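Reviewing the structure listed below.
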Amino acid sequence: MIIRHKHNIKAFIYTITITCILLFGGPVGCSSNTDKSIPFEKKSFEKGSITKSTETMVVETESLRMNFNPVKCTFDLIVKDTEAIWSSNPPDEWKDPYAASITKTDLKSQLLVTYKIDNTKMRNTNSVVSSVNKKTFTVARLKNGIRVDYTFREGFVIPVMYELFDDSMEVSILFSEIEETTEQQINEIKLLPYFGAASESEKGYLFVPDGSGAIIDFNNKKTDYPVYDKMVYGNDQTLPSDIVTTRAEQIHFPVFGMKKENGAFVAVIEDGDGFARIQASVAGKNAAFNTVYSTAIYRAVERLNVLNGSLGTAGAVLYSAEDPVRTNSYRVRYTFLSGQDSSIGGMAKSYRNRLIEQKALTASEKETALYIDIYGGVKKAKSFLGIRYDGGESLTSFSQTRDLLDDLRREGADSLVVGFRNLSRDSYKGKPETSFKPLSELGGKKGLDKLLDYVKENEIPFYAYSDFYSFEKSGNSLSKYFNVCKTLDLGAAQVYYKKLNTNIQNKTRDPFYLLYPTGYQKAVSNMIKSADNNKIDAIHLGDISSRLAGDYSRGGLQRDQAINALKSALDMAADKSLMLKSPNSYLLEYADYITDLPMTSEKNLLFDRDVPFLQMVLKGSLSYAAYSANLNSTSDDLFLHQVESMSQIHYSFISDNPSDLLNTDMVDLYGLSLAQRELAVAQYKAMLAISQTVNNAYIDEYSGDGSVSEIKYSNGVTIYVNFTNENVEFGEISIPSRGYAVVRNGKMLLSGNEVRQND
Amino acid sequence: MKKLIVVLLMVCISVFSPLTVLGSPGTGKAYTYDHKDQATAIPDPYEVKTVLNGDKFSFSKPVDMLYKGNELYILNGDTSGKIVVLNEDFTFNRFISFIKDGKPYKTQEPKSLWIDSDETILVADRSRKLVFRITPQGEVIKEYEKPKTDLMDENTDYLPYKVITDRMRRIYIMSEGEYRGIIQLDKDGEFVSFFGAKSVAVTGTLLIDMLWRNFMTEAQIKNSKRYLPVEYNNMTIDDRGFIYTTSGSASQPSKYISKINSKGSDVLDSSGNFGDYNLGSFMGTWYKTNFKAITVDDYGYISVLDKTWNRIFQYSREGELLYVLGGNGSQEGTFSEITEIISKDDKLLVCDISLNNITVLKPTSFGKDIRKANLLFESGLFQESIQPWKSVLKQCSNYEAAYVGIGKSHYVQKQYKEAMKYYKLGYSKADYSQAFQRYRSQVMRDSFPTVMTFLVVALVAGTIILRLVRKKFGSRKLVLDESGKILYLFHVLAHPSDGYQELRYNKKYSLFLANFLALSWFIIEACYFNYRGFIFNNNTPDDFNLVSLFATTVGMGMVFCLCNWLLSTFFEGKGGLKQVWIYFCYALAPVLAAMIIEIFLSRVLTLDESMFINYIHVIGLVWTVLLIMVAMGQLHQYSLSRNIFSLVASVIGIFVVLFLVFLMYNLFIQFKYFIESFVKELLYRSEVGF
């Protein structure tokens with residue numbers, strides 16, 4: 001374009017401006033006008049009566065006593081029954097051989113604070129150096145506890161409240177009453193990092209809820225490995241993170257615990273769990289103590305590694321959220337266990353009772369069944385007269401599904417639970433999966449009706465898959481430009497697939513976007529509408545059950561609020577039965593069935609062994625299945641782990657030849673072969689026999705060292721699982737090599753070998 | 001206003017230095033490579049049996065390990081001067097502390113450990129610049145310093161980091177910076193020779209440098225870059241005496257691993273490259289495989305450690321990649337800084353100096369199936385390999401080698417059709433072609449009488465019909481009347497010079513026919529892309545791009561015609577744009593016909609007969625090019641030299657246009673980014689405030 005005259009330039013500028021306004025003005029207006037936030041009322045907490053006394057303050061309940069030192073802000077918590085003492089910090093006179101000078105004051109602190117000083121740097125401080133030593137704190141007595149307001153020399157005020165309730169202590173950081181300056185913004189606060197810290201001479205273990213659950217023995221000498229540090233409910237995919245792990249196991253329950261010789265505690269993060277991390281460290285790493293604690297995130301910070309364009313050098317830029325999280329307090333409830341209950345079994349029981357108390361575990365356990373996932377359609381590149389297009393292709397049509405279910409039943413899988421994936425065109429188009437309009441390639445509406453009649457007639461629970469957590473393309477009235485989570489630099493969060501070999505983002509494949517929590521209402525109502533239209537009354541919720549992503553645009557719902565947004569959206573689906581995929585604890589109350597529950601931890605080198613903690617909490621209250629045995633890259637131990645945790649058998653199938661999946665987006669699902677059907681049925685039969693011996697009993701206790709494990713049930717049954725290649729004798733009971741034995745009152749009820757693929 | 005300028009500046013900066021969001025390299029999922037060299041996910045072939053912790057098992061900074069019988073010897077990489085011996089069940093057995101003359105013998109940087117056939121132990125200490133031999137109890141009995149021989153360069157430091165011996169008790173030492181090969185000593189420690197030296201790879205730059213050297217002075221030559229053979233960085237020896245070496249990332253990927261026989265030559269005849277394929281740059285650095293350690297197990301499987309991603313590559317005896325596993329991390333089965341790998345039965349042991357641990361890996365049932373199937377397959381027991389291959393596919397439908405394996409067993413059973421099916425799934429074109437050849441002759445043999453009868457009947461009938469037609473209409477002169485425009489095309493093709501010349505005057509050209517040919521070009525190219533037989537077609541439907549196809553066919557043709565027409569004003573050409581287009585399209589006919597024939601032939605010919613297809617392709621192409629030359633010459637009434645000059649100029653014109661298009665495209669992208677950033681900034685400001 002050649003511009004000859006001045007007025008042409010003007011015209012050009014006008015045109016561009018008008019075009020811009022036309023193109024983008026609308027959305028800009030929209031985004032600023034709509035108020036996405038749900039009302040947030042700042043709650044104020046009990047102020048108490050401030051004391052200047054330097055004498056030890058005592059708070060008591062029937063079973064606990066707290067001796068609080070108002071000079072140092074440390075306290076001892078005494079369990080009256082056993083006289084066990086839990087101290088907030090190691091004793092004063094302690095000289096730590098490992099601790100660096102900064103860590104030495106950390107050892108005496110109740111809070112470790114990380115704050116941002118500029119766009120590239122974070123700084124740490126602790127409550128001793130910045131407040132207690134400077135005597136800039138106030139202590140107040142509350143009805144059943146103590147409140148401390150720390151004023152840090154950096155300018156911020158952090159109030160903490162300790163309250164005793166019968167056998168528990170609740171510790172809260174009062175977020176709504178935190179004051180800070182504009183220059184120094186708080187990022188995160190480690191709460192009671194040395195509470196109960198176990199010295200090198202003590203025996204016991206730390207419990208972290210990684211995956212199914214994991215145990216770290218005190219003084220396990222694994223000081224060459226990094227400390228354990230993980231986000232509760234998994235990383236936020238909106239905020240990119242460098243952390244890449246082999247097994248993508250995450251924390252599903254916000255619990256951690258510590259077991260010592262004379263007692264144990266289990267801690268549950270009850271408020272602010274959406275924005276918390278759990279950390280654990282063994283003696284000899286940073287200090288001579290074994291510790292497990294949690295960290296409250298007060299303000300979201302995003303760390304972007306950037307390539308400095310012109311110079312090609314790498315650096316990091318920190319973006320931090322304007323506003324802190326919209327939670328009134330970060331509250332951790334420590335429950336103290338003694339006697340028989342001071343074990344992993346006791347921790348699970350305590351947490352289970354708490355969930356029942358909070359009406360989060362309301363469903364009932366269903367009968368043992370074979371869980372199967374069936375994949376319907378797939379996108380395949382097709383060509384017509386040499387012109388390429390993407391078309392749908394059937395992997396398992398509705399009538400083939402009926403045949404498959406018939407076959408499975410004939411072969412002995414009397415009880416089945418079916419999840420049906422890729423039912424609609426959305427699934428392979430990459431749109432938010434909230435529609436159940438059946439693909440015509442699978443048999444269309446008529447075919448689906450027939451299949452639904454069939455499953456109803458045969459009383460097979462049939463769950464149609466829906467997922468609105470992420471999508472690649474706009475659809476179902478959700479736009480990938482406006483209805484998605486924004487990062488802290490306010491761009492839409494784009495999540496790229498990573499290349500297997502280099503782990504670098506695969507830019508040849510479209511990224512996906514995360515639905516912002518404000519959109520959950522719309523997505524769920526769309527989903528319900530479509531379900532009603534297609535006579536579907538049971539829905540299998542996918543990634544949304546375990547993934548938690550926040551929206552960091554102004555007024556957007558951050559992680560902590562996303563939980564409530566999702567819950568209130570799912571409240572609309574009250575008349576639908578829901579199956580959840582490895583749900584986080586806040587969704588348990590919505591689950592009728594659970595699948596894909598992790599069987600192991602992420603196998604961090606710091607761990608000494610895994611525990612099936614999730615299953616110990618859920619057994620007796622909810623039905624749960626393992627992940628698909630033929631889909632994921634699984635260990636050969638999977639079946640034995642399933643016996644150990646009493647997890648239902650779960651397989652995924654397609655009716656057609658799995659080689660049909662080559663050259664499709666589903667090429668990663670490499671094990672869908674129907675040839676595994678016999679194995680599935682055989683495993684189901686074995687599991688049925690075992691589970692009938694325990695019925696709805698709770699798991700009371702679990703102990704295992706990785707080679708043989710012992711699981712005690714509340715009905716008196718004990719199940720032994722042997723992972724080794726030799727038979728193991730337990731008195732008169734012999735547990736077969738790579739097998740299991742079910743025992744009651746010293747008598748063997750049942751035993752067998754693992755059910756596995758024959759060579 | 002100032003603020004606005006700042007905002008705009010920020011936008012500009014963000015346009016020109018795009019922020020790149022990064023993840024760190026390192027993953028832990030097993031994969032293998034498919035026929036397109038793309039990594040595909042597979043189930044874990046190995047799982048962790050146990051992890052031995054340095055603190056618990058009394059070793060520190062493990063650098064090398066070795067099995068002697070059932071005892072595991074671990075060499076500490078620190079100055080403690082100790083070897084830790086563990087029992088078969090990984091319980092502690094004993095320390096071997098190095099002693100000389102009753103005093104502790106200090107090490108500085110021990111790197112490697114080897115047990116000779118007389119049970120004495122050899123240790124290489126890099127910083128102390130020697131290899132020493134100890135008794136099983138730890139008493140130092142001999143020290144091997146830098147060999148005294150004229151062949152050793154005085155200026156090169158002697159930094160031994162790996163030592164092994166063979167059955168003849170000859171000692172092989174790798175020394176850092178020693179590019180002439182592995183130092184070979186006899187059992188008494190006397191220098192024998194350099195072993196397995198690599199030759200310098202001949203590359204383009206090397207040849208150019210050699211040329212330059214002829215014009216350089218002595219001093220210049222001395223100061224210029226020296227071309228040295230790539231040095232090895234680790235080795236191992238199998239029970240038949242073959243020495244296996246790795247040579248990092250400096251050499252060509254096909255030479256990352258060598259298997260050296262006693263004569264010193266590489267006998268590993270791998271068809272492909274070792275290491276990772278399709279790598280990319282990351283934070284401005286190109287990452288590539290860097291093999292660090294190697295081991296061979298009793299079955300001949302070669303396992304190699306890659307330092308870049310801390311992964312293990314396992315290859316078959318013949319150098320075929322089976323799978324890749326491991327990765328960076330602090331979980332079981334991932335590593336931080338791996339130093340050495342050894343094998344025991346089917347287990348692998350990997351030591352990590354940074355995590356201070358040893359990971360023991362054992363194959364999963366999936367891994368066992370692959371190893372079993374591969375072993376049978378490479379031993380020629382195709383029938384027996386079918387069962388494990390099927391088991392592999394049951395667990396993983398992505399494993400292409402399994403399809404090839406099953407195909408092969410069908411092939412030897414003469415079930416060629418089945419074989420073809422599996423070879424196709426395994427994307428093995430050579431095998432498919434072979435099976436197809438057999439299948440084709442089978443079909444031909446079976447249907448030869450029918451086909452021949454049909455052909456003869458068709459020939460006779462055709463001749464008769466042709467005769468009848470000729471009789472009725474008489475043989476016509478094509479050139480004469482207006483109605484024969486389409487048939488005239490054939491006249492042009494056969495007699496280009498006359499045909500094109502006459503076209504100018506008799507106006508028997510048809511724009512419709514030309515456009516039809518152009519459209520056909522596009523469609524035939526599309527079919528050529530998609531519908532050629534499996535053997536000759538490397539394209540996948542996913543790569544098909546309608547726009548680029550159009551641009552490279554009709555689009556390019558149009559640009560050529562345009563350029564040619566524009567240039568004709570310079571060269572005093574006579575043709576108009578319409579005529580140039582028509583003449584050009586007419587000329588396409590031969591190549592189009594050739595492509596149609598190729599599409600059909602590609603479905604009936606095998607790889608061995610590919611020359612027929614090539615011939616036809618060349619004939620079609622040459623014919624078309626000649627036609628274009630003649631056509632333009634005749635149209636514009638050019639002399640030969642002017643014609644050629646104009647054609648070359650036209651081609652250059654195409655490049656100029658391409659360049660302009662590229663510029664425009666870039667500008668457009670920049671503009672798009674600008675608008676995007678502008679909107680983003682607006683959104684940001686509308687939320688945060690100016």
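Predicted model, so just to flag it, every value in this text is computed and none were measured. In what follows, chains are A, B, ... by sequence order, proteins preceding strands, each numbered from 1.
With a threshold of 4.5 angstrom between heavy atoms, Asn398(B) approaches chain A through its backbone and through its side chain. Only the side chain of Tyr33(B) comes within contact range of chain A, judged by heavy atoms closer than 4.5 Å. Contacts between Tyr528(B) and chain A at a heavy-atom distance below 4.5 Å are absent for every atom of the residue. No part of Ser336(B) comes within reach of chain A, as not one of its non-hydrogen atoms sits under 4.5 angstrom from that chain. For Tyr422(B), no part sits under 4.5 Å from any heavy atom of chain A, backbone or side chain.
In this structure, Arg311(B) pairs ionically with Asp276(B), as a charged nitrogen and a carboxylate oxygen lie closer than 4.0 Å.
No more than 12 heavy atoms of other residues, nucleotides or ligands shown are found within 6.0 angstrom of NZ on Lys49(B). Around atom CD of Glu678(A), no more than 12 heavy atoms belonging to other residues, nucleotides or ligands sit under 6.0 Å away.
Interface summary for chain A: among Leu425(B), Asn53(B), Asn356(B), the most heavy-atom pairs under 4.5 angstrom belong to Asn53(B). Between chain A and the residues Pro388(B), Ala39(B), Cys396(B), the most heavy-atom pairs under 4.5 angstrom are made by Cys396(B).
Scored by the side chain to side chain contact (heavy atoms under 4.5 Å, CB included) test, Asp217(A) finds Tyr205(A), Ile215(A), Asn220(A), Asp608(A), Arg609(A) as partners (sequence neighbours excluded). Taking the side chain to side chain contact (heavy atoms under 4.5 Å, CB included) definition, one finds that Asn310(B) meets it with Asn328(B), Phe335(B), Ile338(B), sequence neighbours left out.
For the pair Ser365(B)/Gln395(B), a side-chain contact is recorded, criterion being any heavy-atom separation below 4.5 Å from C-beta on.
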